[in-house]
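Notes for the one structure printed next.
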Amino acid sequence: MRESDVIVIGSGFAGLIAAAAADKRGKKVTVLSKGVGTLTIGGGTIDLLGYGNDGRPLANPAAGLAAIEPAHPYKKIGSPAIYAAIKFFLAICESAGYPYLGRLEEMKWIPTAAGTLKPTCLVPKTMDTTCLKSAHTVYAAGFQGLKDYYPHLVAKNLSKLPGYDKNYEIVMVNPHFTDGRDVSALDVARWLDTGTGRKECIRQLVKKVKAGAVILMPPVLGTSPDYQVLEEMETALDCRLVETVAIPPSVTGFRLRSMMLNYLKTAGVRIIEQVSVARAIMEKGKCLGVVTQNIDRERTYYAKNFILANGGFYGGGLRAEPGQAIEPIFNLPVEAPAKQEEWGNRQLFSPEKQSFAKIGITVDNKMRPLAPNGSIAIENIFIAGRNLRGYDFCFEKSGNGVALASGYQAAMSV
Amino acid sequence: MKMYQHNPDNCTACTACVSQCPVTAVTRKFRGPKMVGPALERLRLSQEDAEPSLEYCSNCKNCDMACPSGVPISTLNMLARAKSFKNRKHSLGEELLAHGEKMAKLAVNLPGGAFFANMGMHIGSGLGLMRMVGITGQRSLPAYAAESFLSQFKKLRQQIFPDKVVFYPGCFINYNDPQVGMDFVAVMQANRYEVIVEEEFVCCGSPMVVTGYLAEAEQHAEKNSELIKKWREKSVPVITCCTSCGLMLKQEYQELYDIEGLAENAKNLYDACEFLLLLADKGKLNTQFAALEEKVIYHAPCHLRAQGFGLPALDLLEFIPGLTVENADAGCCGLSGNYGFKADKYDISMDIGERLFARIKGSGTATAVSDCGTCRLQIAHGAGVAAVHPVTLLRQAYQR
Ligand SMILES: Cc1cc2nc3c(=O)[nH]c(=O)nc-3n(C[C@H](O)[C@H](O)[C@H](O)COP(=O)(O)OP(=O)(O)OC[C@H]3O[C@@H](n4cnc5c(N)ncnc54)[C@H](O)[C@@H]3O)c2cc1C
Ligand code: SF4
Ligand code: SF4
């Protein structure tokens with residue numbers, strides 16, 4: 001019988017971090033994964049904490065952490081582990097040749113495709129906005145045919161924001177896509193992956209931009225987790241390039257996922273794709289193995305410990321049923337308001353956190369699931385990511401941050 | 001009622017599939033899995049609407065593996081492709097590529113047939129005849145072996161053991177690469193299993209399904225399923241060495257056809273390496289391997305990854321002392337069954353494979369390992385190194 005030290009269920013950001021951190025501790029890790037998780041949809045930025053409970057932007061994530069409510073996963077994890085998780089992640093990026101920037105004491109406000117600013121904490125170098133401070137001229141670049149990305153809108157809305165009153169000029173690049181297919185940022189990024197694409201893009205831009213300026217771009221600077229495209233274009237144009245946050249498919253998320261997968265595979269972590277974990281084999285309150293259900297037959301995977309990182313309602317980690325929310329694999333207790341009417345706050349864009357978003361599994365400070373009476377529900381299960389109770393990632397901008405910190409903490413506890 | 005429903009409404013338009021589709025990545029002629037699969041399926045349910053870019057889907061299944069909502073995107077594509085042939089005819093090239101088994105039977109049943117057929121293909125290719133029917137002249141069609149697997153197998157004297165398995169060779173191993181079948185038999189013998197080959201098995205139907213011959217493939221599915229059922233009832237496992245055959249028999253039959261007993265049959269079907277690794281789990285694998293002082297690079301076929309049990313060959317090859325195995329981890333090879341043999345898909349196929357070729361060439365290894373026959377062809381063609389099935393290495397290590 002093959003037995004892993006740790007089985008990680010789910011390969012979203014929480015699962016990938018948990019697997020990496022457990023491997024780093026010398027554990028034999030197997031990842032069981034269905035689908036690619038939300039990284040390729042959401043951005044590749046690590047939002048730690050953008051807004052406080054009152055919905056107001058925080059001075060920096062660390063300040064927000066100090067005032068976080070007791071039920072929040074961050075409170076359980078605690079500051080030292082959060083700092084350690086960030087350090088761990090930044091070290092992976094560094095070793096992969098794709099360093100991220102940022103620290104807990106600094107809020108980064110990065111421009112979006114709508115010309116607004118969004119708070120985040122750790123970003124790839126392509127999203128470093130410090131060059132904007134001293135810039136006089138900012139070019140808002142667009143690509144012919146790119147869906148839902150309008151550089152004039154970016155420029156118009158940004159120009160109204162403090163620190164962004166610059167001299168804006170719009171520049172368009174034509175990637176010569178002559179077919180009828182929709183153009184996504186991923187398509188443009190793949191064009192720029194090629195030498196001919198980069199050359200052509202530079203050829204068109206160099207005529208239109210002045211040296212020393214900043215060029216705001218959609219996130220298209222290549223699909224591989226490195227800065228080759230950024231560096232080559234910055235050198236050729238003698239300008240600084242900044243990627244904005246745009247709609248899915250997310251190129252920055254794609255890069256981040258590739259980086260993590262490369263890291264795990266090089267480390268020798270086994271990743272089993274296209275499996276759906278259906279149930280657990282329990283003995284005396286401990287989980288011995290999990291059973292995957294595929295179209296052919298069930299298979300059992302054994303481990304000493306399990307990290308449950310299979311996401312929330314989106315993706316299948318939690319399931320909503322009439323009158324209750326359930327966790328389908330271990331049937332762990334899920335805390336949700338008793339009346340389903342109370343799950344949602346009628347105002348979709350209300351100034352309060354949505355209670356459905358806070359539905360999830362209650363844990364102790366080691367990320368072990370708790371029963372309603374406060375006892376540990378199952379000894380050798382640890383929870384990470386979107387299925388945790390007590391936070392609204394959308395409201396507070398903490399999605400990948402909670403995934404990172406809880407994935408790390410779970411791995412430290414196994 | 002089919003166990004698997006094809007409900008396009010499960011799609012949340014998240015674009016995860018688009019980000020992972022190797023064809024979408026290299027050509028703009030394909031509109032991508034989300035659009036061609038679930039989005040257009042909603043239209044197709046109400047009206048007949050042929051999407052011309054549908055022909056670009058290679059049925060590699062990377063979209064299915066990416067989807068968080070379990071939409072069987074590739075199968076939606078194959079069903080729509082078959083429908084599109086209601087109003088048009090197959091080209092001669094499609095006819096040929098879908099019916100490799102028929103062609104092979106014609107060729108090898110004549111005296112000296114394989115030799116002359118190979119020669120004919122060679123000349124045909126030289127004269128540009130292949131290109132005229134839509135088959136690329138830039139790579140050779142897989143050559144027929146001088147003697148088929150079945151014929152070699154029949155002459156083999158096996159040791160008789162109480163434990164038995166049935167081997168499903170599939171067309172490629174039977175006609176083009178019989179050595180893999182012979183190696184498999186030797187490996188099973190070394191593990192005290194007797195191998196039964198069911199002569200009545202026919203082509204799994206995969207090349208037909210991807211070329212739109214859905215009804216014809218259904219007849220094959222019925223025939224094979226009946227035979228698999230027979231062995232299932234005797235509790236003898238049925239094993240494949242070809243990942244595309246395996247996927248077809250276990251999964252795609254269930255997704256496409258309403259044949260009795262498919263779900264039960266699937267429980268009795270195994271991939272060769274998975275089966276051997278299960279033996280290892282039970283402590284029953286013969287691990288008397290001699291050292292193979294060699295470094296090889298492993299390529300995981302998409303149709304293996306899609307089966308949802310990981311990469312058993314990697315675990316299995318670890319038992320061989322001295323052998324260093326590197327995982328190429330470079331995505332789809334690009335050939336996808338008969339896809340890369342089509343003249344207008346050759347460049348796409350090579351562009352997809354480029355990452356893998358570069359990875360293999362850069363590794364400095366002389367041997368690549370892959371469970372899929374067409375992946376091996378593509379590796380030999382694109383990276384210029386010999387590629388073998390994992391069972392071939394196992395056999396070598398047993399023999400030393
Ligand atoms: C559109 C969108 C944009 C976002 N943008 C940002 C952003 O810019 N910055 C940020 O910080 N956060 C963002 N977020 C939030 C962030 O993506 C998530 O909070 C975080 O990544 C969640 O990670 P996870 O690993 O917990 O879950 P997921 O990414 O959902 O991963 C869970 C994985 O588990 C798999 N799974 C589920 N059930 C099973 C099973 N039974 N067996 C095996 N596998 C299973 C799923 O298929 C999935 O792959 C965004 C979210 C969305 C939806
Ligand atoms: S099967 Fe492969 S080629 Fe076809 S849509 Fe899916 S990922 Fe793309
Ligand atoms: S991955 Fe699945 S849910 Fe997402 S767009 Fe593709 S088919 Fe739809």
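Chain A is the first sequence line, chain B the second, and so forth, proteins listed ahead of strands; every chain is numbered from 1.
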Open item on the list: Which atoms of B/Asp64 are under 4.5 Å from chain A, going by heavy atoms: the side chain, the backbone, both sets, or neither?
Closed with: both
- [ ] May I ask you to decide if B/Ser363's main-chain N or O and B/Lys295's side chain share a donor-acceptor pair within less than 3.5 Å?
- [x] yes
Task: Under 4.5 Å from a heavy atom of chain A, the part of B/Ser69 involved - done: neither
Distance-only criterion, 3.5 Å: show the donor-acceptor pairs between side-chain atoms of residues 179-188 of chain A and protein atoms not counting sequence neighbours.
residue: A/Asp179; atom: OD1; partner: A/Arg181; partner atom: N; Å: 3.0
residue: A/Asp179; atom: OD1; partner: B/Arg28; partner atom: NE; Å: 3.4
residue: A/Asp179; atom: OD1; partner: B/Arg28; partner atom: NH2; Å: 3.3
residue: A/Asp179; atom: OD2; partner: B/Arg28; partner atom: NE; Å: 3.1
residue: A/Arg181; atom: NH1; partner: B/Thr27; partner atom: O; Å: 2.8
residue: A/Arg181; atom: NH1; partner: B/Phe30; partner atom: O; Å: 2.5
residue: A/Arg181; atom: NH2; partner: A/Asp187; partner atom: OD1; Å: 2.7
residue: A/Arg181; atom: NH2; partner: B/Thr24; partner atom: O; Å: 3.2
residue: A/Ser184; atom: OG; partner: A/Leu186; partner atom: N; Å: 3.3
residue: A/Ser184; atom: OG; partner: A/Asp187; partner atom: N; Å: 3.3
residue: A/Ser184; atom: OG; partner: A/Asp187; partner atom: OD2; Å: 3.3
residue: A/Asp187; atom: OD2; partner: A/Ser184; partner atom: N; Å: 3.0
residue: A/Asp187; atom: OD2; partner: B/Arg28; partner atom: NH1; Å: 3.3

Task: Heavy-atom pairs under 4.5 Å with chain A, option from B/Ala66, B/Cys17, B/Cys67, B/Ala13 with the top count - done: B/Ala66
Open item on the list: Under the salt bridge (Lys or Arg N to Asp or Glu O under 4.0 Å) definition, can you give me all pairs with a residue in residues 299-311 of chain B, not counting sequence neighbours?
Closed with: A/Glu273-B/Arg305
Open item on the list: Less than 4.5 Å apart, side chain to side chain, heavy atoms only: is that true for B/His303 and B/Cys245?
Closed with: no
TODO: Examine whether an atom of B/Ala306 lies under 4.5 Å from a heavy atom of chain A, and if so say whether it belongs to the side chain, the backbone or both; otherwise answer neither.
DONE: backbone
Open item on the list: Under a 4.5 Å cutoff for heavy-atom pairs, which residue among A/Arg299, A/Lys265, A/Glu298, A/Lys34 has the most contacts with chain B?
Closed with: A/Arg299
Open item on the list: Checking the side chain of B/Gln254 only, and the main-chain atoms of A/Ile295 only, is there a donor and an acceptor separated by less than 3.5 Å?
Closed with: yes
Task: B/Leu262, part contacting chain A, at a heavy-atom distance under 4.5 Å - done: neither
Task: Pairs of heavy atoms under 4.5 Å with chain A: top-ranked of B/Leu277, B/Leu311, B/Asn327 - done: B/Leu277
TODO: Using non-hydrogen atoms and a 4.5 Å limit, figure out which bit of B/Glu326 sits close to chain A: side chain, backbone, both or neither.
DONE: neither
Open item on the list: Below 4.5 Å, heavy-atom pairs only: which of B/Lys29, B/Glu264, B/Glu274 has the largest tally toward chain A?
Closed with: B/Glu274
- [ ] Among B/Gly70, B/Ala16, B/Ala25, single out the residue with the greatest number of heavy-atom pairs under 4.5 Å to chain A.
- [x] B/Ala25
Open item on the list: Apply salt bridge (Lys or Arg N to Asp or Glu O under 4.0 Å) to residues A/Lys28 and A/Asp5 and explain how you reach the verdict.
Closed with: CA-CA 5 Å; A/Lys28 186 178 168 211; A/Asp5 295 322; over 6 Å; no
Open item on the list: Between A/Ser258 (side chain only) and A/Ser224 (backbone N and O only), is there a donor and an acceptor less than 3.5 Å apart?
Closed with: no
Task: Top contributor to chain B interface from A/Ile271, A/Thr292, A/Val36 [non-hydrogen pairs under 4.5 Å] - done: A/Val36
Open item on the list: For B/Glu354, which atoms come within 4.5 Å of any heavy atom of chain A: side chain, backbone, both, or neither?
Closed with: neither
- [ ] Report yes if some heavy atom in the side chain of A/Ile329 is under 4.5 Å from a heavy atom in the side chain of A/Asn310; otherwise report no.
- [x] yes
TODO: Tell me, out of B/Lys250, B/Lys267, B/Lys282, who's got the most heavy-atom pairs with chain A below 4.5 Å.
DONE: B/Lys267
Open item on the list: Report which part of A/Arg2 has an atom under 4.5 Å of a heavy atom belonging to chain B: side chain, backbone, both, or neither.
Closed with: both
- [ ] Find the one option among B/Thr12, B/Leu278, B/Asp329 whose heavy-atom pairs under 4.5 Å with chain A are most numerous.
- [x] B/Asp329
TODO: Test the A/Arg297-B/Phe309 pair against the cation-pi criterion, namely NZ or CZ under 6.0 angstrom from the six-membered ring centroid and within 45° of the ring axis.
DONE: no
Open item on the list: When you compare the side chains of A/Asp193 and A/Thr223, does any donor N or O come within less than 3.5 Å of an acceptor on the partner?
Closed with: yes
